[in-house]
*Asks:* 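Starting off with a structure, shown below.
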Amino acid sequence: MRDAGSTTQLNGWVRRRRDHGGVIFVDLRDRTGITQVVFDPQIDEKAHALADSVRSEYVLNVSGTVRERAPGEILINADATFQDELTDDATLSAEFRSLFSELDTKYTLSDKININIREHGKHWLLTDIENNRTYDILCEDNALNIYQGTVNPELATGEIEVAVDTLHILNTAKTPPFPVEDDIDVSEDIRMKYRFIDLRRPEMQKTLEMRHKAALTARNYMNEHGFLEIETPILMNSTPEGARDVLVPSRLNPAKFYALPQSPQQFKQILMMSGVDRYFQIARCFRDEDTRADRQLEFTQLDIEMSFAGVDDVFDVTEGLMKSIFELAGEIPVQIPFLRLPYHESMARFGNDKPDTRFGMELTDLSDVMADCDFQVFTNALGAGGQVKAIAVPGGADFSRKDIEDLTDFVATYRAKGLAWVKVTSEEFSSGIVKFFKAEHLETAQEKTGAKPGDIMFFVADRPKVVADALGYLRLHLGKKLNLIDETQYNFLWIVDYPLFEWNEDQNRFEPFHHLFTGATENTLHLLDTEPGKVQGQHYDLVCNGYEICSGSVRIHQWDVQQKIFDLLNISAEEVKNRFGYFIDALEYGTPPHAGIAPGLDRIVMLMRNEENIREVIAFPKSQQGQCLLTNAPSTVTEEQLEELSIRVDVDT
RNA sequence: GGACUCGUGGCGCAGUUGGUUUAGCGCGCCUGCCUGUCACGCAGGAGGUCGCGGGUUCAAGUCCCGUCGGGUCCGCCA
């Protein structure tokens, strides 16, 4: 199709039409990109006349001749000797350049030019990359004629166009509510309502394609490594732990409900018990919880489980999988193996278990240092069993009162009662609270946080959870705000050595940190009866750039251990029998040791596309209220439908 | 469940302490002109229940209450 002179046929949508009275240009868009097609009455009068009625987003079929874009108007008539300068290295003399600048300032050449030799000794294409302008230079009648170029360096197909001899208008279109092009400034609700138009935009097409490639790559990789793709039920049992289930009433079983899977967790373990050995599935998962920028009601996991496998086996498979996906689908190089970071160290250094390690500003514990200072905010917090921690923000000594106030409000979101700060200059520490400290307090703080003159140190003193949240999110917030993050970098990191349980203060009981079926490490298993809080789980997360992109564990495969977990979590025998009876049962029939993981496809594609919002990589996403603005789901149903389900609705609609 | 924020022609926005514009601007749209544009250009034109409901007031896009919808976050969720 690139070959000039050949005839071609194109189908596509009209991106824009430019009518010059005599000649009409149309940018025709299809999945592969944009091509300029030309309607010239001298080529075909009928096609040209018909093109007059064409408007944006009309669907066209055109036939015509592919041709190199013709030179435009003659701009400059130059001496033929100048052609010696038209070489590949593209260094033009001041005299040559002045031919352009004397004409009109808009033709002034930048330094970034490129010369393309089309016909040796006859035709050159001069591209001014910075100004997006091209010139055709032709040697004619012993002179060098410089034409206003009509090549569009911004288009991939910019060197050619199709001269149309036949036009079929396959369909007309209403004027779209927003233009079908990248970098549009349109609110998201409009985009979601007209998703069919939004998805036509090149960047959305690119996302759809990348997502497809990611899934395809995953399938190929899993297949090559001996994994079977097996579908598990979408209609299954509700489980008491974890997220809220999305419930589906059963017509055949009045007053009973299915739940949509939060993940295929139990089924994939059953498959291991069934001798499948290696399973995977591109599985849709449902969790009826409030959404976030990186969370939807329904999302997709690359669900993986393998028998006779431990942590290292899962890591090997996952690292290879991530490398394949990021490199083949995202064209992003990945180094394996990934670093491993213990959970407690992650919490200590970054305040959370999904650290963005593309920049520093790590948290520093100053509890010991500040134990004997006179600042009661610190000493009181320490006295109550809390911590004092700090971060050093580069260049923060320039922060205004207002800046600091805003940051104080920011950390208040995470229940921090305040944000103490000390500015570091080459002469002094400056802050309203300096008087409460001896010189060595602040000097040690500076040394430990690594603050340099010109920086500011922010301190939070509170319960460990509050300190971690406040400083951890403050670090992220400032990292973004101060542009400390290299967007081209992808930092993969395993978080390991999680505790098996977490103490729930409100309900005064232990909760599984990951889920009910996570196994303990061999050397801490014996603490299950005595000190459950100290049992270490065989749970792992894979983190990239501050997002949790995979989560998994080595599972419990002995029924007595599983029973112990249920007991410890106060799940009654009856409930176990009702909810997990089959599972406990199955465990007793020869369950192999097994382990698994579930990479989140949406977040992976989001990272590869450098998006901060999961809706950007889902073809038909839901709003924060869980509504589909395109189809208006969810919606009310008829009385008859409800009656069949034995359901009565208790709200006015 | 809660906090913040946004809602004004098709789209993006402006609209001062409540009254002076006839609610503006840019893009888009329509009509006409234009043979090399690619953000084409030029001339003219159409298009508004100011999300919805209630209240305060002589007077509400503007103030108050409620409600619906978009977004970010806390709780929630792994």
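Below, chains carry the letters A, B, ... as their sequence lines are ordered, and counting in each starts from 1. Below, all heavy atoms of this structure are taken into account, side chains as well, without hydrogens, waters or symmetry copies.
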*Asks:* Which base sits across from B:G48 as a Watson-Crick or G-U pair, both distances under 3.5 Å?
*Replies:* none

*Asks:* Along nucleotides 1-15 of chain B, 5' to 3', which nucleotides get a B, which get an S, and which get a -, given that the test is a protein heavy-atom distance under 4.0 Å?
*Replies:* B--------SSS---

*Asks:* Rounded to whole angstrom units, what separation is found between the CD atom of A:Q296 and the C1' atom of B:A78?
*Replies:* 16 Å

*Asks:* Remember a base hit wins even if backbone is also touched, and classify A:Q627 as base, sugar-phosphate or nothing at under 4.0 Å, heavy atoms.
*Replies:* sugar-phosphate

*Asks:* Answer yes or no: is there an ion pair linking A:E548 with A:K354, defined by an N-O contact shorter than 4.0 Å?
*Replies:* no

*Asks:* B:A39 P sits how many Å from A:I34 CD1, rounded?
*Replies:* 11 Å

*Asks:* Checking contacts here: which listed nucleotide (B:C74, B:A39, B:G70) is nearest the side-chain heavy atoms of A:Q625?
*Replies:* B:G70

*Asks:* Would one find a side-chain N or O of A:R615 under 4.0 angstrom from OP1 or OP2 of B:G71?
*Replies:* yes

*Asks:* Could you give the distance separating B:A60 and B:G71 at their P atoms, to the nearest angstrom?
*Replies:* 33 Å

*Asks:* Charged N to carboxylate O under 4.0 angstrom, A:D52 versus A:R17?
*Replies:* yes

*Asks:* Scan A:D19 against the nucleic acid and name what it touches under 4.0 Å (heavy atoms): base, sugar-phosphate only, or nothing.
*Replies:* base

*Asks:* Could you tell me whether A:E345 atom CD has more than 12 heavy atoms of other residues or ligands within 6.0 Å of it?
*Replies:* yes

*Asks:* Both distances under 3.5 Å, Watson-Crick or G-U wobble: report the partner of B:C33, or none.
*Replies:* B:G41

*Asks:* Using a 6.0 Å cut-off, check whether atom OH of A:Y107 has over 12 heavy atoms from anything other than its own residue.
*Replies:* yes

*Asks:* Using a heavy-atom cut-off of 4.0 Å across all strands, would you classify A:Y414 as base, sugar-phosphate, or nothing?
*Replies:* sugar-phosphate

*Asks:* Which listed nucleotide (B:G69, B:C74, B:U72) is nearest to the side chain of A:L629?
*Replies:* B:G69

*Asks:* Pick base, sugar-phosphate or nothing for A:R133, based on heavy-atom distances below 4.0 Å to the nucleic acid.
*Replies:* nothing

*Asks:* So if I apply the side-chain contact (heavy atoms from CB on, under 4.5 Å) rule between A:R29 and each of A:E181, A:E57, A:R201, which one comes out positive?
*Replies:* A:E57

*Asks:* NA contact type, A:G242, heavy-atom cut-off 4.0 Å: base, sugar-phosphate, or nothing?
*Replies:* sugar-phosphate

*Asks:* Students often mix this up, so state it plainly: with edges at 30° and 60°, are the rings of A:H477 and A:F410 parallel, tilted or perpendicular?
*Replies:* parallel

*Asks:* Between A:T413 and B:C74, is there a contact of a side-chain N or O with OP1 or OP2 at under 4.0 Å?
*Replies:* no

*Asks:* Start at the 5' end of RNA chain B and walk down; is the nucleotide closest to A:M192 or to A:R55 reached first?
*Replies:* A:R55

*Asks:* Give a yes/no on whether any side-chain N or O of A:N613 is located under 4.0 angstrom from OP1 or OP2 of B:U72.
*Replies:* yes

*Asks:* Could you say whether A:R415 or A:H539 is positioned toward the 5' end of RNA chain B, judged by the nucleotide with the nearest heavy atom to each?
*Replies:* A:R415

*Asks:* Contact class for A:T150 vs. all strands (heavy atom < 4.0 Å): base, sugar-phosphate, or nothing?
*Replies:* base

*Asks:* At 4.0 Å (heavy atoms only), tell me whether A:R287 reaches a base, stays on the sugar-phosphate, or touches nothing.
*Replies:* sugar-phosphate

*Asks:* Select base, sugar-phosphate, or nothing to describe what A:R292 touches, counting heavy atoms under 4.0 Å on all strands.
*Replies:* base

*Asks:* So what does A:V37 hit on the nucleic acid, given a heavy-atom distance under 4.0 Å: a base, only sugar-phosphate, or nothing?
*Replies:* nothing

*Asks:* Quickly work out the A:Q36 CD to B:U35 P distance and round it to whole Å.
*Replies:* 17 Å

*Asks:* Checking all strands, does A:E612 fall into the base, sugar-phosphate, or nothing category for heavy-atom contacts under 4.0 angstrom?
*Replies:* nothing

*Asks:* Could you state the NE2-P distance from A:H20 to B:U35, rounded to the nearest angstrom?
*Replies:* 10 Å

*Asks:* So, is A:R18 near the phosphate of B:A39, with a side-chain N or O under 4.0 Å from OP1 or OP2?
*Replies:* no

*Asks:* What residues, two or more places apart in sequence or in another chain, satisfy side chain to side chain donor-acceptor pair (under 3.5 Å) together with A:E511?
*Replies:* A:N504

*Asks:* If you compare all heavy atoms of A:R284 against all heavy atoms of A:F299, which two are closest, and at what distance to 0.1 Å?
*Replies:* CD-O, 3.2 Å

*Asks:* By the 4.0 Å heavy-atom rule, please label A:R69 as base, sugar-phosphate, or nothing.
*Replies:* base

*Asks:* Between the side chains of A:E616 and A:R609, is the shortest nitrogen-to-carboxylate-oxygen separation below 4.0 Å, so that they form an ion pair?
*Replies:* no

